[in-house]
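All remarks here apply to the structure that follows.
Since the model is a prediction, treat every value here as computed from it, not as a measurement.
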Amino acid sequence: MLDRFRSLVVGLSLLVVVALIGLYLVVQIGGGEDIFGESEGNLPPIDFSQLVYDVDDNGYLLCPLDLCEKAVPDAPSPVFTMNQNRLRQLFVAYADGNPTVDTFRFDLPASQFDFTERLPGKTFPAVITVKIIRVDAYSSTAAIYSRQPVGSSSKSDHAERVSRWLQVIMNATGQPVS
């Protein structure tokens with residue numbers, strides 16, 4: 001009786017191992033979207049003009065009032081004394097040079113970029129959307145929206161993140177923001 005039970009357990013174990021190897025091979029050759037979802041994820045792009053946000057929401061939003069018509073931003077966006085191309089270069093250089101930041105979406109024609117930032121000790125990354133806006137030939141601003149779609153975070157986490165990003169940009173230019 002014990003030999004029969006042992007044979008059954010070994011047979012089932014081998015069957016499970018073969019099934020897992022088969023699943024692994026299916027995923028490696030590009031399949032498996034039905035089981036695990038798409039590799040790009042399903043994070044929709046943010047449309048700042050249609051964004052509905054209130055200061056009580058969990059996240060942090062800096063946005064010019066004329067762009068974020070349906071949102072109540074946490075603070076207005078600062079105006080930088082540099083053109084939009086230079087400001088865009090500074091944000092992208094910061095993201096490229098920071099090991100905790102990855103580029104998720106890069107929409108150059110719209111000057112809007114989505115980054116993910118996973119800080120040490122955090123399980124899930126935060127998403128930072130940056131839209132560069134031209135004010136005039138010599139100045140620009142940026143709408144910045146930090147949020148964490150999965151996992152838990154606090155408003156202060158997002159406020160610190162946005163503040164840190166802005167501080168890095170100000171330090172790189174040596175110019176104060178207004």
Side-chain angles (χ1 to χ4, degrees), residues 1-63 68 70-71 74 88-132 142-169:
M1 179 72 172
L2 187 60
D3 286 337
R4 180 176 267 185
F5 178 72
R6 192 177 325 174
S7 297
L8 181 64
V9 169
V10 168
L12 286 175
S13 298
L14 286 174
L15 193 63
V16 167
V17 168
V18 168
L20 289 174
I21 290 172
L23 181 63
Y24 173 77
L25 292 174
V26 166
V27 169
Q28 288 300 313
I29 61 172
E33 284 90 10
D34 294 336
I35 300 168
F36 299 108
E38 298 177 20
S39 61
E40 278 91 43
N42 58 358
L43 187 65
I46 295 294
D47 181 0
F48 283 99
S49 64
Q50 299 300 314
L51 178 64
V52 177
Y53 178 85
D54 191 74
V55 292
D56 295 331
D57 293 347
N58 191 7
Y60 195 80
L61 176 66
L62 289 181
C63 191
C68 297
K70 297 182 178 183
D74 293 295
R88 179 178 50 239
Q89 289 171 348
L90 290 173
F91 272 104
V92 171
Y94 171 70
D96 286 345
N98 192 332
T100 62
V101 177
D102 291 317
T103 302
F104 180 76
R105 186 178 295 120
F106 198 85
D107 186 357
L108 192 58
S111 271
Q112 184 165 318
F113 316 102
D114 290 308
F115 304 102
T116 58
E117 180 178 50
R118 182 177 305 185
L119 296 176
K122 297 289 185 176
T123 305
F124 298 106
V127 178
I128 302 94
T129 300
V130 178
K131 181 171 182 69
I132 309 297
I144 304 172
Y145 182 33
S146 174
R147 68 222 181 265
Q148 190 164 346
V150 177
S152 63
S153 63
S154 67
K155 188 166 208 61
S156 65
D157 292 339
H158 298 291
E160 289 171 13
R161 178 176 295 107
V162 171
S163 176
R164 181 172 25 88
W165 281 53
L166 286 175
Q167 191 63 47
V168 167
I169 298 302

Separation between CG (Asp157) and CD (Gln148), nearest 0.5 Å, reads 7.5 Å
Considering all heavy atoms, the nearest Asn58-Ser153 contact:
ND2-O, 2.9 Å
Quick one, Leu166 and Ile144 - any side-chain contact, counting heavy atoms below 4.5 Å?
yes
Around atom CZ of Phe106, are there more than 12 heavy atoms of other residues, nucleotides or ligands at under 6.0 Å?
yes
Ignoring hydrogens and geometry beyond distance, is a side-chain donor-acceptor pair present between Thr129 and Arg147 at under 3.5 Å?
yes
Is it the case that the side chain of Glu117 and the backbone of Ser146 share a donor-acceptor pair, with hydrogens and angles ignored and the cut-off at 3.5 Å?
no
Residues Phe124 and Val150: closest non-hydrogen pair is CB-O, 3.4 Å
Got a second to check how far Ile128's CD1 is from Phe91's CZ, nearest 0.5 Å?
10.5 Å
Non-hydrogen atoms of Arg118 and Pro125 that approach each other most closely:
NH2-CD, 3.4 Å
What one should report as the nearest heavy-atom pair of Val130 and Phe115 is CG2-CE1, 4.2 Å
To the closest 0.5 Å, what do you measure between CG (Leu51) and CG (Leu61)?
6.0 Å
Do you know which two heavy atoms are closest between Ser156 and Ser154, and how far apart they sit?
OG-OG, 3.0 Å
Could you measure the distance from the OG atom of Ser163 to the NE2 atom of His158? Nearest 0.5 Å is fine.
14.0 Å
Centre-to-centre under 6.0 Å for Tyr145 and Tyr53, is that the case here?
yes
CZ/Arg164 to CG/Asn98 distance, rounded to the nearest 0.5 angstrom?
7.0 Å
Would you compute the distance between atom CG of Asp114 and atom CG of Asp102 and round it to the nearest 0.5 angstrom?
12.5 Å
Quick check: do Val101 and Trp165 have side-chain heavy atoms less than 4.5 Å from each other?
yes
Contact summary for Arg105 and Pro45, nearest pair of heavy atoms:
NH1-CA, 3.3 Å
How far apart are the C-alpha atoms of Thr116 and Leu43, what are their side-chain angles, what is the distance that settles it, and do they pass the side chain to side chain contact (heavy atoms under 4.5 Å, CB included) test?
CA-CA 11 Å; Thr116 58; Leu43 187 65; 5.7 Å; no
Tell me whether Lys155 contacts the main-chain N or O of Gly59 through its side chain, where contact means a donor paired with an acceptor under 3.5 Å.
yes
Short question: side chain of Lys131, backbone of Asp47 - any donor-acceptor pair under 3.5 Å?
no
